[in-house]
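Encoded as structure tokens, the structure appears first; notes follow it.
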Amino acid sequence: MRLPLFYGWIVVAVTFVTMAIGVNARTSFSLFFPPIISEFGWERGVTAGAFSFGFVASGVASPLIGRLMDRAGPRAVMELGVLLMAGGLLLAPLTSQPWHLYLTIGVMVGAGSVCLGYSGQSLFLPNWFIRKRGFAIGIAFAGVGIGSMTLLPWVQHMIEQTGWRTACTAMGLTILIVLAPINLLLHKRPEDIGLQPDGDAAPAAGTAMPVSNIVDPVWAATDWTLRRAVATARFWWLALGYFCGLYIWYAVQVHQTKFLLDIGFSPSVAVWALGAVSLLGIPGQIFLGHISDRIGREWVWAISCAGFAICFAALMALKFQPSFWLVWLMVFTQGALGYGLTSIMGAVVFEIFQGRHQGSIFGMIMLAALAGGAAGPWVTGLLYDRAGDYTLAFGIAIVVSLLSALSVWQASPGKVRAVAGRLHKLQAAK
């Protein structure tokens, strides 16, 4: 039966729902955190360590998930993620010792989130689109923002009414009931079901071939294995750029609420600021993803990094002049601009190292990214402890933002494959 729309948009819809539930299921740990401490009386560092330990599990799992994607495809990866994350959330209510929390919320949910989150989805979604790649990924990843506005309030309400154990069980069941069946609809690439990227018709015999987006034929024709990729400067520029990208993302996300409270803002303003960032991230991801299809991935990565740099500059200025307009500037540049990074993370790597082993290569680069995500909050907190305020930490974060933009610019995905908006220039040059 012929569908009334390109199957790639069904893949986008499945990804949207998976991201809305899967990513926010891990984020919900922050809601479980207070009642768990109240019940057991454990130290905050010990309890919070379960979430941090999840980053270690994510880092270990990332290259393995990339290899599994190359060999078995997205259905195997997503269903594995469903089993791990749902299993962790369903077993967490049995917790009686800290190590139980580390195993369930840390290892199982952390590893599952790699499959269901940004890393796992970026391993196959770019295959379905070429001309609209950034736009499609931006829509799919906007599910995270929608989920944070709908799922997290529901979880918080359930915790207040029935306790954290019931809420945790409900989250696990939701993942099993909703995500397990819909992810059976996924395919790795359109060619697997007789389609072409973007829903284009296969070229008929005797018709002119469509304009190729390949800028560097020698590079594009190379069979990029992980070993070959690691031997290139481009790989290490990407690894550095992604490390720095998640460093700045999580540095501000973890510390901004405490900083705003420290300089005298009310808890309601601090909570509003955190929520508004996620809300602004929805149109930001979609718009910047679309723009990247027109002007190139390097430009949008630079725009997003500039957004984070302005965000950190606004935070530094807030210490000396606490004002609501500076809070709004910080929120807008972080959400509407900074969150655009996620809409092109997969596209950048695929356009450089596209091929049979692209999942393994992306998994290794995401290992560097996750290391940056773990380092950002830790280094920022360490610098605060040493200096007594956040000024030095935020200043360093501005430098890291600029370094991230420079690194992706050095990797130059546009010098390997052109985006749709640049094809006319490529055609004119030929």
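The backbone N or O of G59 lies less than 3.5 Å from no partner atom in the side chain of S62, so there is not a single donor-acceptor pair. Panel note: side chain T222, backbone W224; no donor-acceptor pair is recorded below 3.5 Å. Counting only distance, with no hydrogens or angles, the side chain of S412 and the backbone of V408 share no donor-acceptor pair below 3.5 Å. Although no hydrogens or angles enter the test, the distance criterion places no donor-acceptor pair under 3.5 Å between the side chain of W249 and the main chain of G372. Here the side chain of N24 pairs a donor or acceptor atom with the backbone of V144 at under 3.5 angstrom. Although no hydrogens or angles enter the test, the distance criterion places a donor-acceptor pair under 3.5 Å between the side chain of H100 and the main chain of Q97. S122 contributes no side-chain N or O that, together with a main-chain N or O of S119, makes up a donor-acceptor pair within less than 3.5 Å.
To the nearest 0.5 Å, atom CD of residue Q253 and atom CG of residue L246 are 9.5 Å apart. Here CG of L315 is found 9.5 Å from CG of L329. Values are rounded to the nearest 0.5 Å. Distance check: S401 OG to I396 CD1 gives 12.0 Å after rounding to the nearest 0.5 Å. Rounding to the nearest 0.5 angstrom, the gap separating the CG atom in L123 from the CD1 atom in I65 is 8.5 Å. Rounded to the nearest 0.5 Å, atoms CG (L116) and CG (L84) are 8.5 Å apart. Rounded to the nearest 0.5 Å, atoms CD1 (I310) and CG (L337) are 6.5 Å apart.
Residues I146 and F16 have side chains in contact (heavy-atom distance under 4.5 Å, counting atoms from C-beta outward). Side-chain contact between L260 and L318 is present, with heavy atoms from C-beta onward closer than 4.5 Å. Looking only at side-chain heavy atoms (C-beta outward), S28 and L152 come within less than 4.5 Å of each other. Contact annotation: the side chain of I352 approaches that of W219 to within less than 4.5 Å [non-hydrogen atoms, C-beta and beyond]. V277 has its side chain out of reach of V252: every pair of non-hydrogen atoms, C-beta onward, lies at least 4.5 Å apart. Within the 4.5 Å cutoff, side-chain heavy atoms of P377 are placed close to those of H255. Looking at heavy atoms from C-beta onward, T333 lies out of side-chain contact with F312 at the 4.5 angstrom threshold.
Between L280 and P283, the closest heavy-atom pair is O-CD, 3.3 Å. When all heavy atoms of M85 and A25 are compared, the closest pair comes out as SD-CB, 3.8 Å. Of all non-hydrogen atoms in I398 and A309, the two that sit nearest each other are CG1-O, 3.7 Å. Residue S113 comes nearest to S58 through the heavy atom pair OG-OG, 3.9 Å, listed as atom of the first residue, atom of the second, then distance. In terms of heavy-atom proximity, A170 sits nearest to W154 at CB-CH2, 3.9 Å. Looking at every heavy atom in both residues, R422 comes nearest to I295 through NH2-O, 3.1 Å.
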If you apply the rule side-chain contact (heavy atoms from CB on, under 4.5 Å), what do you find for L288 with S304, and how did you get there? CA-CA 9 Å; L288 287 178; S304 294; 3.8 Å; yes
Run the side-chain contact (heavy atoms from CB on, under 4.5 Å) test on V419 and R294 for me, step by step, so that the C-alpha distance in whole Å, both residues' side-chain angles and the decisive distance to 0.1 Å come before the verdict. CA-CA 6 Å; V419 297; R294 312 259 58 85; over 6 Å; no
**Message:** Pair Y247, F308 - check side-chain contact (heavy atoms from CB on, under 4.5 Å), show working.
**Reply:** CA-CA 11 Å; Y247 178 105; F308 275 115; over 6 Å; no
Is there a side-chain contact (heavy atoms from CB on, under 4.5 Å) between W299 and W409 once you walk through the steps? CA-CA 8 Å; W299 282 104; W409 205 271; 3.3 Å; yes
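Partners of D389 according to the salt bridge (Lys or Arg N to Asp or Glu O under 4.0 Å) rule, which considers only residues two or more places apart in sequence or in another chain, are K319. By the side chain to side chain contact (heavy atoms under 4.5 Å, CB included) test, T225 is found to be paired with R227, R228, H357, residues two or more places apart in sequence or in another chain being considered.
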Using atom types as modelled, flag every donor-acceptor pair under 3.5 Å from a side chain in residues 129-141 to any protein atom, sequence neighbours excluded.
{"from": "R131", "atom 1": "NH1", "to": "D200", "atom 2": "OD1", "distance (Å)": "3.2"}
{"from": "R131", "atom 1": "NH1", "to": "D200", "atom 2": "OD2", "distance (Å)": "2.7"}
{"from": "R131", "atom 1": "NH2", "to": "D200", "atom 2": "OD1", "distance (Å)": "3.1"}
{"from": "R133", "atom 1": "NE", "to": "P126", "atom 2": "O", "distance (Å)": "2.9"}
{"from": "R133", "atom 1": "NE", "to": "F129", "atom 2": "O", "distance (Å)": "2.8"}
{"from": "R133", "atom 1": "NH1", "to": "E351", "atom 2": "OE2", "distance (Å)": "3.0"}
{"from": "R133", "atom 1": "NH2", "to": "P126", "atom 2": "O", "distance (Å)": "3.0"}
{"from": "R133", "atom 1": "NH2", "to": "F129", "atom 2": "O", "distance (Å)": "3.1"}

Indicate every side-chain donor-acceptor pair of residues 175-192 with a distance under 3.5 Å to a residue at least two apart or in another chain.
{"from": "N183", "atom 1": "ND2", "to": "T18", "atom 2": "OG1", "distance (Å)": "3.2"}
{"from": "N183", "atom 1": "ND2", "to": "L179", "atom 2": "O", "distance (Å)": "2.9"}
{"from": "K188", "atom 1": "NZ", "to": "M69", "atom 2": "O", "distance (Å)": "3.3"}
{"from": "D192", "atom 1": "OD2", "to": "R189", "atom 2": "N", "distance (Å)": "3.4"}

In residues 358-371, what donor-acceptor pairs under 3.5 Å come from side-chain atoms, sequence neighbours left out?
{"from": "Q358", "atom 1": "OE1", "to": "G355", "atom 2": "N", "distance (Å)": "2.9"}
{"from": "Q358", "atom 1": "NE2", "to": "N127", "atom 2": "OD1", "distance (Å)": "2.9"}
{"from": "S360", "atom 1": "OG", "to": "D70", "atom 2": "OD2", "distance (Å)": "2.8"}

Would you list the atom pairs, donor with acceptor, under 3.5 Å between side chains in residues 234-245 and any protein atom, with sequence neighbours excluded?
{"from": "R234", "atom 1": "NE", "to": "A411", "atom 2": "O", "distance (Å)": "2.6"}
{"from": "W236", "atom 1": "NE1", "to": "V230", "atom 2": "O", "distance (Å)": "2.7"}
{"from": "Y242", "atom 1": "OH", "to": "M345", "atom 2": "O", "distance (Å)": "2.5"}

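Between Y390 and F394, the angle of the ring planes stays under 30°, which puts this pair in the parallel group of the 30/60° scheme.
Side-chain polar atoms of T342 and Q285 form a donor-acceptor pair below 3.5 angstrom. With no hydrogens or angles considered, a side-chain donor-acceptor pair links S404 and W301 at under 3.5 Å. Q256 and Q334 share a side-chain donor-acceptor pair at under 3.5 Å.
The one candidate from V109, T174, T169 that meets the side chain to side chain contact (heavy atoms under 4.5 Å, CB included) condition with L89 is V109.
Within a 6.0 Å radius of CZ in F287, other residues, nucleotides and ligands contribute 12 heavy atoms or fewer. More than 12 non-hydrogen atoms from other residues, nucleotides or ligands lie less than 6.0 angstrom from CZ of R75. Residue W272 qualifies as enclosed at atom CH2: its count of foreign heavy atoms under 6.0 Å is above 12. Few gaps surround OH on Y118; more than 12 heavy atoms of other groups in view lie less than 6.0 Å from it. Atom CZ of R71 has 12 or fewer heavy atoms from other residues, nucleotides or ligands within 6.0 Å.
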